[in-house]
Protein chains: 2
Amino acid sequence: MKLSDFEQPSVTTDLVIFTIKENSLKVLLVKRNVEPFKDKWALPGGFVRIDESLEDSAKRELFEETGVKNVYLEQLYSFGNPKRDPRGRVITISYFALINSEKVKLKASTDVSEAKLFSVSKIPLLAFDHKEILEYAIKRLKWKFEYTTIAFSLLPKKFSLGELQKIYEIVFEKKIDKRNFRKKILSLGILKKESIKKDAPHRPPQLYSLKNKIGEIINIL
Amino acid sequence: MKLSDFEQPSVTTDLVIFTIKENSLKVLLVKRNVEPFKDKWALPGGFVRIDESLEDSAKRELFEETGVKNVYLEQLYSFGNPKRDPRGRVITISYFALINSEKVKLKASTDVSEAKLFSVSKIPLLAFDHKEILEYAIKRLKWKFEYTTIAFSLLPKKFSLGELQKIYEIVFEKKIDKRNFRKKILSLGILKKESIKKDAPHRPPQLYSLKNKIGEIINIL
DNA sequence: CCAAAAGTGTTAGTGATACACCCATGT
DNA sequence: ACATGGGTGTATCACTAACACTTTTGG
């Protein structure tokens, strides 16, 4: 039996890139300048090259769109409805990424006229089945925030508990009790005290850093 | 831009089919009778047809191997290391299924000389990267047992709490306190009392059924 | 002295765990 | 009568949730 005995689909990776900016959870979308769905917004993505792994493909596209590397990236789900792309059979492996908005340099790449961050509450019509992918990603994001430490990957090395709490409040769209939040985070035993921040326009906060190495995500179930 | 501008990989679905039999968690493996990995054990799977969805492909293969339909099936993860198949670029979308062993009729299909259930504690060397896929599936299975009601899909419509507990004990490989287990399950409020089982060789148990429709999995986080 | 965010404890309720004996049936 | 699995309650501990005031700084 040879591989060529079977019709071969095309395979892409698509990325749901989240960040927090201006007190809101944002996702990166690109405007397509080629058919199909020309001039429509879509998730960034592209074809998997024949000699790269799925994760490498996702990392490459992430870098092409945002200029960032070494950020939180995980495989989300694979979508393969035979009709999802009008050009023919295209299967996509979706990934989601979390990046610190300070580090991003948005670039429109080939096939794309514009790249922009959208609040997840104001998403335009999307190409292909990207609405479904995005909704799935948002669910997973919330879940991961609740049960792991991925939220920390949106912060600089040293951060205050207030900054951390703000991120949670934005993602869950609700106020959190400060005392309970601090108690819970500190009881995890994963933070190291750093210096006290200077030059705050109010009482300066205690800064913390992660004890384990950056990017190591732990489960707190 | 045309799809054919990109080299197209082959795409398969592979299945991790779990069941419980003889007080042990088992997984279905097939013995390959073609190259590569001829005469080696592997997860059942096959190429995705050009006009079927990923899930339909998994369902079709599940049916071909076991003769069962309408069982618990979920997408697991996609594996796409460029070297995972010596024949060339093959990306696989893995699925995991949970079936009641009473309903299974194992069939060796094309390319396969034998199909057999193996205890997860006694897995032979596997073809491709199937060991990795299986380990991932076992982790997910345990997680799902802990936080959802998938365990019920291994039972007949009417079952006793003892039968349910036994399944948990097999999957987690440890004894569970009977009183606490019953308290927790009953407090979920998802069970309906049925009749009392007759013809038990000991005190006959109260039978229960699920209030919601079969196959509906709920989260109990 | 005012504004703005940081920091701090206690109580009540809920869910998890540990634990041992009697019951109903078939043989 | 015995073997087998079915069935039951209580006490302790850990975690969660609700709740308000003082502190430190810059302007």
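Below, chain A is the first sequence line, B the second, and so on; all start at residue 1.
- For B:K103, the NZ atom is loosely surrounded, since the number of other residues' heavy atoms within 6.0 Å does not exceed 12.
- To the nearest angstrom, P of C:dA6 lies 12 Å from CG of A:L164.
- Counting to the nearest Å, the C1' atom of D:dT25 and the NZ atom of A:K198 are 9 Å from each other.
- Under the 4.0 Å criterion applied to side-chain N and carboxylate O atoms, A:E52 and A:K59 are not assigned as salt-bridge partners.
- Each of B:Q206 and A:P204 was matched to the nucleotide of DNA chain D holding its nearest heavy atom; the match closer to the 5' end belongs to B:Q206.
- Residue pairs meeting the side chain to side chain donor-acceptor pair (under 3.5 Å) criterion with at least one member in residues 185-198 of chain A, sequence neighbours excluded, are A:E194-A:S209.
- By the 30° and 60° cut-offs, the orientation of the rings of B:F118 relative to B:W41 is perpendicular.
- If you check residues 167-176 of chain A against DNA chain D, you find no residue with a heavy atom closer than 4.0 Å.
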Test side chain to side chain contact (heavy atoms under 4.5 Å, CB included) applied to A:L155 and A:L164, step by step: CA-CA 8 Å; A:L155 292 168; A:L164 183 64; 3.6 Å; yes
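- Around CG of A:D177, the count of heavy atoms belonging to other residues, nucleotides or ligands within 6.0 Å exceeds 12.
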Side chain to side chain contact (heavy atoms under 4.5 Å, CB included) evaluation trace for B:I93 with A:I93: CA-CA 9 Å; B:I93 323 291; A:I93 323 292; 4.0 Å; yes
For every nucleotide of nucleotides 8-14 of chain C, 5' to 3': is a protein heavy atom under 4.0 Å from its base (B), only from its sugar-phosphate (S), or from neither (-)? BBB----
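- Between the CZ atom of B:R203 and the C1' atom of C:dC22 there is a distance of 9 Å, given to the nearest Å.
- The aromatic rings of B:H130 and B:F128 sit tilted relative to each other, their planes meeting at an angle between 30° and 60°.
- One atom, CD1 of A:I185, and another, P of C:dA6, lie 14 Å apart when rounded to the nearest Å.
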Check against salt bridge (charged side-chain N to carboxylate O under 4.0 Å, His left out), A:E65 and A:K107: CA-CA 5 Å; A:E65 300 290 345; A:K107 305 174 214 169; over 6 Å; no
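- For A:L207 and C:dA6, the CG to P distance is 11 Å, given to the nearest whole Å.
- For B:P205, counting side-chain heavy atoms from C-beta on, the closest listed nucleotide (D:dG7, C:dG7, C:dA16) is D:dG7.
- Separating the CZ atom of A:F159 from the C1' atom of C:dA5 is a distance of 18 Å, rounded to the nearest angstrom.
- Look at NE2 on A:H202: it is 9 Å from C1' on D:dT25, rounded to the nearest Å.
- Distance CZ (B:F181) to P (C:dG15): 18 Å, rounded to an integer number of Å.
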